[in-house]
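A short write-up of the structure that comes next.
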Amino acid sequence: MMPWIIHNLWLIPALPLLAAGVSALVPQRCRRFSALLGCGSMGLSFLLSVLAFVRCLEAGHRAAVKEVCNFEWLRFAAGTTGVIKLGWVLDPLTAAMLLMVTGVSLLVFIYSVGYLAEDGNFTRFFTFLSLFAGAMLGLVIANSLLLLFICWEIVGLTSYLLIGFWYHRPDAAAAAKKAFITTRLGDLALLLGMVWLYSQTGTLIFFDGGAGCLEAGAVSGLAAQTTRIGMTLASVIGLLIFAGAAGKSAQVPLHVWLPDAMEGPTPVSALIHAATMVAAGVFLVARVYPLLSAHAVGASAQTASLQVVAWTGALTAVFGASIALTQNDLKRILAYSTVSQLGYMMMGLGVGGVAVGMFHLITHACFKALLFLGAGSVIHGCKGEQDIRFMGGLRKLMPVTFTTYTAGMLALAGFPLFFSGFWSKDGILLAARGWPVSRGPFFLGLVGVLLTAFYMARQMALVFFGRNRAAHHSNHRIEPGRNPVSAEPNESPPLMILPLAVLACFAVGLGWAGTPVWPWFQKFLEDQPPDLKHARFFEPGAPRLMLLSTGMVLLGLFLGWKLYGRKPLRNPEEPDVLKRMRPDLYALVEKKYFIDEFYEATVIRFNAWAAAVCHIVDEWVLGGLMRLLACLAIGLAWVNRAVEEFVLNPGFDWGCGGTRAGGGGLSRLQDGRVQNYLRIIGLALVALVLLLIWGGGN
């Protein structure tokens with residue numbers, strides 16, 4: 001008999017979804033009720049997630065954990081082939097994601113109460129936030145690609161609503177549309193892959209007692225079929241699904257929406273970049289990994305789809321990190337950092353498997369949420385300012401924010417031994433170093449490590465060190481509801497500080513759950529018992545790699561501090577150090593390699609041209625044809641009217657008049673007078689006699 005939590009796993013997403021529905025119906029003045037509803041529902045979902053996690057731990061001691069609850073959702077034909085099922089699954093991957101999403105989301109919810117305390121649309125914000133988190137949790141527990149896709153699209157909708165929350169700002173409205181449309185391009189590929197998978201396997205259920213689309217029978221059948229381009233059917237479908245994941249997880253070239261998503265409130269940025277939307281793409285790749293890794297008998301284990309995943313991730317890692325070097329907006333630096341780290345996750349999945357990529361996803365969720373919430377604390381303390389050139393000296397003015405932000409920065413940079421990012425990042429590099437296909441992703445990963453440490457050192461130096469430059473305040477990046485003044489920045493309220501402290505603890509300590517000596521998290525995801533082996537720390541290549549990555553981190557921190565910390569910026573108008581060194585290269589990177597401009601000149605212009613052509617076709621071709629048909633119909637109507645009025649009606653009237661006259665004449669023969677009847681009879685007899693005489697004479 002299944003335990004209670006398996007049957008009721010649906011409650012985890014249902015609680016925040018219910019909170020969103022109720023919060024949408026209450027008046028705007030019910031701010032405290034809406035906040036309590038959102039935080040309370042997320043707190044209950046977190047407790048249920050803990051129960052699910054404990055269930056996986058208990059069951060994992062006995063056997064591999066994969067407990068499902070499927071049900072019939074739609075029947076459109078007789079027999080088993082005409083049934084569409086939905087369901088949910090509890091396995092280590094689901095349990096780890098549930099714990100991460102609910103935990104980080106709960107802290108973001110609590111933080112939002114203080115951050116948006118003065119916002120006029122406070123209730124609406126918590127409605128959208130609850131819907132966002134509930135959709136992500138539904139996506140995580142889904143045992144059906146169809147159910148996952150439904151929740152996937154709700155996540156896309158709510159991201160649009162939250163990024164454009166301050167819709168009265170043109171930049172926010174444009175960013176929301178950009179995110180929605182860009183991710184839809186990937187979603188179209190995902191939909192095609194989903195339909196193709198259903199046509200080949202007859203089901204979209206992942207695990208169904210051996211009959212699921214991700215189980216051995218279906219996967220081996222897909223791997224045995226080869227398409228016209230030489231790839232297996234499993235690889236082609238897997239790549240279509242990966243295209244959807246690349247859109248959600250902002251992989252090159254579908255990355256352009258994520259930096260602009262910073263136009264939303266900072267808690268939204270934290271939730272999108274840490275626990276929900278961008279994590280959905282990485283999670284999807286991990287979920288369908290059996291499909292991506294399926295290969296034909298006798299073929300190489302490194303499938304074409306996994307190679308695409310690995311190379312896309314490696315290029316994205318360096319691409320995002322390089323752009324972060326030149327950004328001055330506090331949140332945009334972290335946004336491009338997220339693009340880079342998502343690239344690392346995809347690279348880890350491609351070269352090392354589910355455990356390698358997912359471990360970095362979990363650790364990144366904690367320290368990136370910490371960094372975004374810390375950035376929100378800085379923005380709050382600086383009265384809405386987001387440009388790091390107008391900050392400085394906050395180390396003494398905001399000591400708690402500085403301490404917690406430092407922990408997140410060191411975790412992101414991969415500072416050795418004591419921070420979680422070091423262990424998860426080194427796991428990816430170790431897997432990339434042993435990848436049999438190419439060493440390219442490994443070297444790109446090392447470059448990304450150097451760049452990450454450099455741009456985070458730059459950010460720390462400009463924000464927290466030197467003297468405060470708030471007197472030269474800027475007006476172009478002020479969040480709504482904030483009044484930029486030259487007053488001294490101050491520390492954030494306790495309601496915003498508490499989540500920072502909790503996340504800082506995880507940024508420091510979470511990495512110890514996945515060290516080479518005790519790889520507990522990796523073994524947990526692989527349904528294997530963890531074992532403690534000190535010898536793994538000294539496996540061939542491991543110490544050398546650790547020293548190499550540590551050297552890259554320390555070099556990046558040293559260069560960042562040397563260029564920006566030793567000679568603090570005095571005036572915001574001073575050109576950047578890197579810009580003075582190579583203004584041409586700096587301009588190229590600062591403009592994000594002109595990719596947005598390239599899309600503007602190609603895709604968007606083509607779309608505008610196609611729209612203009614469609615307008616011309618609609619207005620002059622189809623519209624002209626319709627107008628011609630309308631004129632023809634009107635002409636035929638006039639002809640019909642003329643025939644009816646001047647031919648049919650007069651003829652009918654004449655016929656009716658003749659009939660009426662004939663009837664009148666005949667009616668005189670039946671006037672009831674006997675004399676008239678006798679005259680007629682007499683005349684008839686005379687006529688008869690005359691006819692007989694005439695006939696007899698002949």
Side-chain angles (χ1 to χ4, degrees), residues 259 314-344 347 360 364 367-368 370-372 374-375 378 387-389 391-392 395 402 405-416 419 421-422 424-426 428-429 442-466 507 546-569 574-593:
L315 293 172
T316 302
V318 176
F319 177 85
S322 65
I323 297 179
L325 297 174
T326 62
Q327 299 301 301
N328 294 313
D329 184 281
L330 179 61
K331 292 201 298 181
R332 280 185 181 268
I333 295 173
L334 298 179
Y336 280 107
S337 168
T338 301
V339 173
S340 177
Q341 297 304 308
L342 289 168
Y344 275 106
M347 183 173 74
H360 194 57
H364 174 267
F367 61 70
K368 186 51 64 71
L370 169 61
L371 288 171
F372 266 107
V378 170
D387 196 319
I388 60 176
R389 294 171 297 182
M391 297 179 184
R395 175 171 54 93
F402 166 72
Y405 200 91
T406 302
M409 184 275 289
L410 292 175
L412 173 60
F415 196 81
F419 295 91
F422 171 77
S424 58
K425 174 256 306 174
D426 267 30
I428 294 173
L429 292 177
F442 170 71
F443 292 117
L444 289 173
L446 284 178
V447 174
V449 169
L450 175 65
L451 297 179
T452 302
F454 182 86
Y455 69 69
M456 288 309 297
R458 170 181 179 265
Q459 187 189 63
M460 290 292 293
L462 292 178
V463 173
F464 293 101
F465 292 89
M546 192 176 298
L547 290 174
L548 180 59
S549 66
T550 299
M552 299 296 279
V553 171
L554 296 179
L555 178 61
L557 294 175
F558 170 74
L559 292 175
W561 176 256
K562 181 179 180 180
L563 294 178
Y564 295 95
R566 292 181 61 184
K567 296 180 180 179
L569 191 66
E574 291 182 15
D576 192 276
V577 177
L578 297 178
K579 187 174 184 178
R580 292 200 300 267
M581 293 180 178
R582 289 294 303 271
D584 52 346
L585 186 59
Y586 186 91
L588 174 65
V589 179
E590 186 181 27
K591 293 296 184 179
K592 300 162 285 189
Y593 300 100

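- In this structure, L554 and F415 have side chains that are in contact, with non-hydrogen atoms separated by less than 4.5 Å.
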For side-chain contact (heavy atoms from CB on, under 4.5 Å), just list the numbers for F419 and V553, CA-CA rounded to whole Å, side-chain angles, deciding distance to a tenth of an Å, and then say yes or no.
CA-CA 12 Å; F419 295 91; V553 171; over 6 Å; no
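- Note: N328 CG to E590 CD = 7.0 Å, rounded to the nearest 0.5 Å.
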Can you give each donor-acceptor pair under 3.5 Å made by side-chain atoms of residues 317-325, sequence neighbours left out, with the distance rounded to 0.1 Å?
| residue | atom | partner | partner atom | Å |
| --- | --- | --- | --- | --- |
| S322 | OG | V318 | O | 3.3 |
| S322 | OG | F319 | O | 2.7 |
| S322 | OG | Y593 | OH | 2.8 |

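- Annotation: side chain to side chain donor-acceptor pair (under 3.5 Å) contacts of Y455 (sequence neighbours excluded): S337.
- Counting only residues at least two apart or in different chains, salt bridge (Lys or Arg N to Asp or Glu O under 4.0 Å) contacts with residues 550-562 are absent.
- Checked against V447 for a side chain to side chain contact (heavy atoms under 4.5 Å, CB included), the options L451, L444, V449 give a single hit: L451.
- Residues passing the side chain to side chain donor-acceptor pair (under 3.5 Å) test with S424 are H360, T363, sequence neighbours excluded.
- One finds the CZ atom of F442 at 5.5 Å from the CG atom of L548 (value rounded to the nearest 0.5 Å).
- Between Y586 and V577, the closest side-chain pair of non-hydrogen atoms is not below 4.5 Å.
- For F402, the ring-ring contact (aromatic ring centres under 6.0 Å, His included) partners two or more places apart in sequence, or in a different chain, are F464, F465.
- The distance from atom CE of M347 to atom CD1 of I428, rounded to the nearest 0.5 Å, is 6.0 Å.
- A 4.5 Å side-chain heavy-atom check between V463 and Y405 finds every atom pair outside the cut-off.
- Atoms CG and CZ, from L563 and R580 in turn, are 9.0 Å apart once rounded to the nearest 0.5 Å.
- Annotation: salt bridge (Lys or Arg N to Asp or Glu O under 4.0 Å) contacts involving residues 442-457, sequence neighbours excluded, are absent.
- Identified under the salt bridge (Lys or Arg N to Asp or Glu O under 4.0 Å) test for residues 444-461, with sequence neighbours left out: R458-D576.
- Here the closest heavy-atom approach between residue G556 and residue A457 is recorded as O-CB, 4.4 Å.
- Partners of S549 by side chain to side chain donor-acceptor pair (under 3.5 Å), not counting sequence neighbours, listed by chain and number: D426.
- Nearest heavy-atom pair across A507 and A411 is O-CB, 3.8 Å.
- Summarising the geometry, atom CE belonging to M460 is positioned 9.5 Å from atom CH2 belonging to W561; distances are rounded to the nearest 0.5 Å.
- Legend: residues meeting ring-ring contact (aromatic ring centres under 6.0 Å, His included) with F367, ordered by chain and number and at least two apart, are H364.
- L450 is linked by a side-chain contact (heavy atoms from CB on, under 4.5 Å) to M552, L555, counting only residues two or more places apart in sequence or in another chain.
- Rounding to the nearest 0.5 Å places CG of L429 at 11.0 Å from CZ of F443.
- Under the side chain to side chain donor-acceptor pair (under 3.5 Å) criterion, K425 pairs with no residue at all, not counting sequence neighbours.
- The closest donor-acceptor contact from the side chain of S340 to the backbone of Y336 lies at 3.5 Å or more, if one exists at all.
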Apply side-chain contact (heavy atoms from CB on, under 4.5 Å) to the pair F422 and M546, showing each step before the final yes or no.
CA-CA 9 Å; F422 171 77; M546 192 176 298; 3.3 Å; yes
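- For the pair I333/I388, a side-chain contact is recorded, criterion being any heavy-atom separation below 4.5 Å from C-beta on.
- Considering every non-hydrogen atom in both T316 and V339, the closest pair reads CG2-O, 3.4 Å.
- Contact record, A413 with A453: CB-CA, 4.0 Å, taken as the closest heavy-atom pair.
- The nearest pair of heavy atoms linking L371 to M409 is CD2-N, 3.6 Å.
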### L330 and Q459: CA distance, side-chain angles, deciding distance, side-chain contact (heavy atoms from CB on, under 4.5 Å) verdict
CA-CA 8 Å; L330 179 61; Q459 187 189 63; 3.2 Å; yes
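- With sequence neighbours excluded, no residue forms a side-chain contact (heavy atoms from CB on, under 4.5 Å) with L547.
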